[in-house]
Amino acid sequence: MRNNDFAPLYRNAIGFDRLFDMVEASAKKPQSGGYPPYNIEQKDEHHYCITMAVAGFAESQLEITQKENMLVISGVRQAEAEKNFIYQGIAERNFERKFQLADHVKVLSASLENGLLHIELEREEPEAMQPRKITIGTHA
């Protein structure tokens, strides 16, 4: 396993402390399995869509929450009567998937269609963050 030391970058990158902390934290935490599989699609400059395969889950068994910059999608299956499978290829387990969102990204909508959960996201650029033109005046 490779360890990266970002300390030298802290003195050259003012205001990016949080970014480096996130990179370090993601390198340290164990990778969760690939369940459930998902895609992240960029539709245009400010719109994104997360599509997650949640076969076998009803809308009432899924929960989507956004708190600050964290999007959490979880699914909880109720225990069913014991079944005698000859082969079980469909995962029927609970899950929780977390996505770290960039600043000013909000969830617009969510829909469940044909076993796929679609979550539409939008990045809003606040007016204070947009470029503005500075006029050059005379010094009196």
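This one's a predicted model, so the numbers in the text were calculated from it and none came from an experiment.
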| Between the side chain of Asn94 and the main-chain N/O of Arg77, is any donor-acceptor distance below 3.5 Å? | yes

| query | For the atom pair CZ (Arg123) and NE2 (His46), what is the distance rounded to the nearest 0.5 Å? | reply | 5.5 Å

| query | Can you tell me how far the NE2 atom of His47 sits from the CD atom of Glu45, to the nearest 0.5 Å? | reply | 10.5 Å

| task | Would you give the length of the straight line joining atom CG of Leu71 to atom CG of Leu121, rounded to the nearest 0.5 angstrom? | result | 6.5 Å

| query | Which residues pass the salt bridge (charged side-chain N to carboxylate O under 4.0 Å, His left out) test with Lys83, sequence neighbours left out? | reply | Glu80

| message | Rounded to the nearest 0.5 Å, what separates atom CE in Met52 from atom CZ in Phe99? | response | 4.0 Å

| query | Is it the case that Arg97 places NZ or CZ above or below the six-membered ring of Tyr38, under 6.0 angstrom from the centre and within 45 degrees of the axis? | reply | no

| query | Between CD1 of Ile73 and NZ of Lys98, what distance do you get to the nearest 0.5 Å? | reply | 12.0 Å

| request: List for me each residue that meets side chain to side chain contact (heavy atoms under 4.5 Å, CB included) alongside Glu120, sequence neighbours excluded, and say none if there are none. | output: Lys43, Cys49, Leu108, Ser109

| Is a side-chain donor or acceptor of Gln66 paired with a backbone partner of Val105 at a separation under 3.5 angstrom? | yes

| said: Is it the case that over 12 heavy atoms from other parts of the model lie below 6.0 angstrom from the CD atom of Gln42? | reply: yes

| Got a sec: does the CD of Gln88 have more than 12 other heavy atoms crowding it under 6.0 Å? | yes

| Same apolar cluster: Ile119 and Leu116, side chain cutoff 4.5 Å | no

| request: Calculate, to the nearest 0.5 Å, the distance between atoms CG and CD1 belonging to Leu112 and Ile64 respectively. | output: 9.0 Å

